[in-house]
Amino acid sequence: MSPAGDDFASRVVAVVETIPPGRVMTYGSVAAAIGSRSSRGVGQVMAWAGSDLPWWRVVRASGLPPERHEQRALEHYRVEGTPLRQGRTGVLRVDLERAAWSP
DNA sequence: TGGGTGACTAAGT
DNA sequence: CACTTAGCCACCC
């Protein structure tokens with residue numbers, strides 16, 4: 001049994017909690033922040049503990065929120081004033097150039 | 001120990 | 001910029 005706060009999941013949660021409103025991190029950046037390259041691992045933690053976290057502040061490298069959750073995320077972006085950009089197909093995504101954040 | 005899964009990413013078309 | 005394909009890595013049988 002590993003010490004609490006020392007496992008992969010706990011590290012991911014700790015990083016996500018530091019993201020301020022209006023800013024975002026990509027799955028890959030969160031992984032890098034804890035010395036890992038497992039963006040998918042971060043996704044698995046979010047699926048397990050996302051409901052207790054500002055999950056909308058963690059997006060894909062393309063600036064898109066997790067699949068099936070785009071609508072819910074968009075409402076938070078509107079409230080927090082997160083910088084957005086519109087893609088060629090009309091899809092709204094986070095402007096990583098302006099919203100990217102690192103702990 | 002081995003194989004499948006997924007809230008991903010980078011590179012090519 | 002959008003779509004496809006192969007690669008990665010933590011987690012769970």
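Each chain gets a letter, A, B and so on, in the order the sequences are listed, and its residues count up from 1.
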- Query: Which listed nucleotide (B:dC8, B:dA10, B:dA7) is nearest to the side chain of A:Trp55?
  - Reply: B:dA7
- Between C1' of C:dA2 and CZ of A:Arg60, the distance in whole Å: 13 Å
- Task: Mark yes or no for a side-chain to base donor-acceptor pair under 3.5 Å between A:Arg40 and B:dC8, with no hydrogen or angle criteria applied.
- Result: yes
- Interatomic distance, A:Arg93 CZ vs B:dC8 C1' [rounded to whole Å]: 16 Å
- Query: Of all the choices, B:dT9, C:dA2, B:dA7, which nucleotide is nearest to the side chain of A:Ser39 once you look at every atom?
  - Reply: B:dT9
- Looking for any heavy atom pair under 4.0 Å, which part of the strands does A:Ala61 touch: base, sugar-phosphate only, or nothing? sugar-phosphate
- Message: Ignoring hydrogens, what is the shortest heavy-atom contact between A:Leu96 and A:Gly63? Give both atom names and the distance.
- Response: CD1-N, 3.8 Å
- Message: Quick check: closest heavy atoms across A:Ser39 and A:Ala31, and the distance to 0.1 Å?
- Response: N-CB, 4.1 Å
- C:dA10 phosphate, OP1 or OP2, under 4.0 Å from A:Arg11 side-chain N/O: no
- Look only at the side chain of A:Tyr27 and the backbone of A:Gly41, and say whether a donor-acceptor pair between them is shorter than 3.5 Å. no
- Message: So A:Gly28, base contact, sugar-phosphate only, or nothing? Heavy-atom distance under 4.0 Å.
- Response: sugar-phosphate
- For the pair made of CG in A:Leu64 and C1' in B:dT9, what is the distance, rounded to whole Å? 14 Å
- Look at all strands and tell whether A:Thr89 reaches a base, only sugar-phosphate, or nothing, counting heavy atoms closer than 4.0 Å. sugar-phosphate
- Tell me: CE of A:Met25 to C1' of B:dC8, nearest whole Å? 14 Å
- Message: Any base atoms under 4.0 Å from A:Arg85, or only sugar-phosphate, or nothing? Heavy atoms, all strands.
- Response: nothing
- Interatomic distance where CH2 belongs to A:Trp48 and P belongs to B:dC8 [whole Å]: 18 Å
- Name the orientation class of the two ring planes belonging to A:Trp55 and A:His76 (parallel below 30°, tilted from 30 to 60°, perpendicular beyond 60°). perpendicular
- Item | Separation of atom CZ in A:Phe8 from atom P in C:dC11, rounded to whole Å | 6 Å
- Check the distance between B:dA10's P and A:Leu96's CG and give it to me in whole angstrom. 11 Å
- d(CD1, A:Ile19; P, B:dA7) in whole Å: 18 Å
- Does a side-chain N-to-carboxylate-O contact under 4.0 Å join A:Arg57 and A:Glu80? yes
- What about A:Gln44, does its side chain sit under 3.5 Å from the base of C:dA10 through a donor-acceptor pair? yes
- Item | Nearest-neighbour nucleotide for the A:Met46 side chain, C:dA10, B:dA7, C:dC1 considered | B:dA7
- Task: Compare the minimum distances between each of C:dA10, B:dA7, C:dA2 and the side chain of A:Arg88, then state the nucleotide with the smallest one.
- Result: C:dA2
- Under 4.0 Å between a side-chain N or O of A:Ser36 and OP1 or OP2 of C:dA10? yes
